[in-house]
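Sharing a structure here in structure tokens format.
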Amino acid sequence: MTVKNERAFNFNAGPSALPLDVLEKAQKELVNFNGTGMSVMELSHRSKEYEEVHNAAIQRLKSLYNIPNNYEVLFLQGGASTLFATIPMNFLTANSQASYIMTGSWSEKAIKEAKLFGNIREIASSKEDQYRYIPSIQENEINDNDAYIHLTTNNTIYGTQWKTFPDTKNVPLIADMSSDIMSKQIDIEKFDLIYAGAQKNLGPSGVTVVIIKKDFIDKANRNIPTMFQFKTHAEKNSLYNTPPTFGIYMLGEVLKWIENQGGLKAVSEQNEKKAALIYDVIDQSDGFYTGHAKKDSRSLMNITFRLQNVDLEKQFLADAKDAGFVGLNGHRSVGGCRASTYNAVPYEACKSLSEFMIQFKKQNQS
Ligand SMILES: Cc1ncc(COP(=O)(O)O)c(C=O)c1O
């Protein structure tokens, strides 16, 4: 069972499905991009042709996401994991403090790096309940002296997602948005820094997107290596050194695809419908499937669920694989099942999965 052109039903958590139209366009342009007689990969990053690709991607991202002029969009490398360290390196010293909200394994990885640079507080956590929900933050938990507050907007492994963001007043809010960036419109001005690896909603792995307020860049430490300073990349339009040119080209094409879908409003409506297909099956299964996340914290990007026992889960994953569904196993640290329904996963793939789940239940319930 596959979608158009024998494409797999790809529910991978990342790298993950890319729009077929984008892949086909890239294929067409692979050996001769825009009459240059070469691939985008072979262009000099200092050439006019590449610069157009680069600047168009930045402009498109700004326009689709309504990013105000007092923010920079940067294309970096090293993945979100490098940013876990780069952020505290820029904004913390041994005498300053930041707060982290703990909603899963990626928050844990982020806080571990921050502890190397300054004083770190956990202000809220749902760890005691296996990260099933997004904790609420009380106003009196916000410390005015914090250099920043950090949160993870979508928890790829546990399948939870913030619906509204806390008001952190004058304390800069930083968000790891790796697994739900550009899945819906958000108010960028709530954040001083947003970062995300591109490989879920925006393109192939290799590009890390940073959206950062200009006056926040000015607050950063200067006594750190050049490549780790946000200022370096902001001043040079992310062309200080060789950027991941092909990844940025692909990202630009994915953004064009989002525009063609009708922009973020259309994409987010589609994401809601896709996720509802699968959550509805879980909710109407009389406990045959159980969702990991509490209902009000459910992610529209990563749907995590379990079956009644590990053997049945193994059977489900094996049968799903035979039926052409890829990537439905839960993260190796938590087990169970997970369907990642990022922007580029087609509605038909989610529909087919929901039908498969209903069928599997019929055949296997005792
Ligand atoms: C929420 C979140 N943060 C960070 C990461 C790590 O990203 P990278 O592999 O780009 O370092 C991931 C990867 O899946 C993630 O889902």
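These values consider heavy atoms only, across backbone and side chains, with no hydrogens, waters or symmetry-generated copies. Source: prediction; values computed, not measured. Note that ligands are numbered from 1 as they come in the structure, with each ligand's atoms numbered from 1 the same way.
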- Message: The criterion is ring-ring contact (aromatic ring centres under 6.0 Å, His included); which residues satisfy it with His331, sequence neighbours excluded?
- Response: none

- Message: Could you check whether Tyr131 and Glu108, counting side-chain N and O atoms only, form a donor-acceptor pair closer than 3.5 Å?
- Response: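 Tyr131 and Glu108 do have a side-chain donor-acceptor pair below 3.5 Å.
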
- Which protein residues have a heavy atom under 4.0 Å from ligand 1?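 Protein residues near ligand 1 are Gly79, Ala80, Ser81, Phe84, Trp106, Thr152, Asn154, Thr156, Asp176, Ser178, Ser179, Gln199, Lys200.
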
- Stepwise ring pair (Phe, Tyr, Trp, His ring centres under 6.0 Å) check, Phe356 with Phe316: CA-CA 10 Å; Phe356 171 81; Phe316 174 82; 5.6 Å; yes

- Step-by-step ring pair (Phe, Tyr, Trp, His ring centres under 6.0 Å) determination, His150 to Tyr100: CA-CA 5 Å; His150 179 281; Tyr100 278 66; 4.6 Å; yes

- Query: When you check the side-chain N and O atoms of Asn154 and Ser299, is any donor under 3.5 Å from an acceptor?
  - Reply: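 Yes.
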
- Message: Hydrogens and angles aside, do Asn10 and Asn12 bring a side-chain donor and acceptor to less than 3.5 Å of each other?
- Response: yes

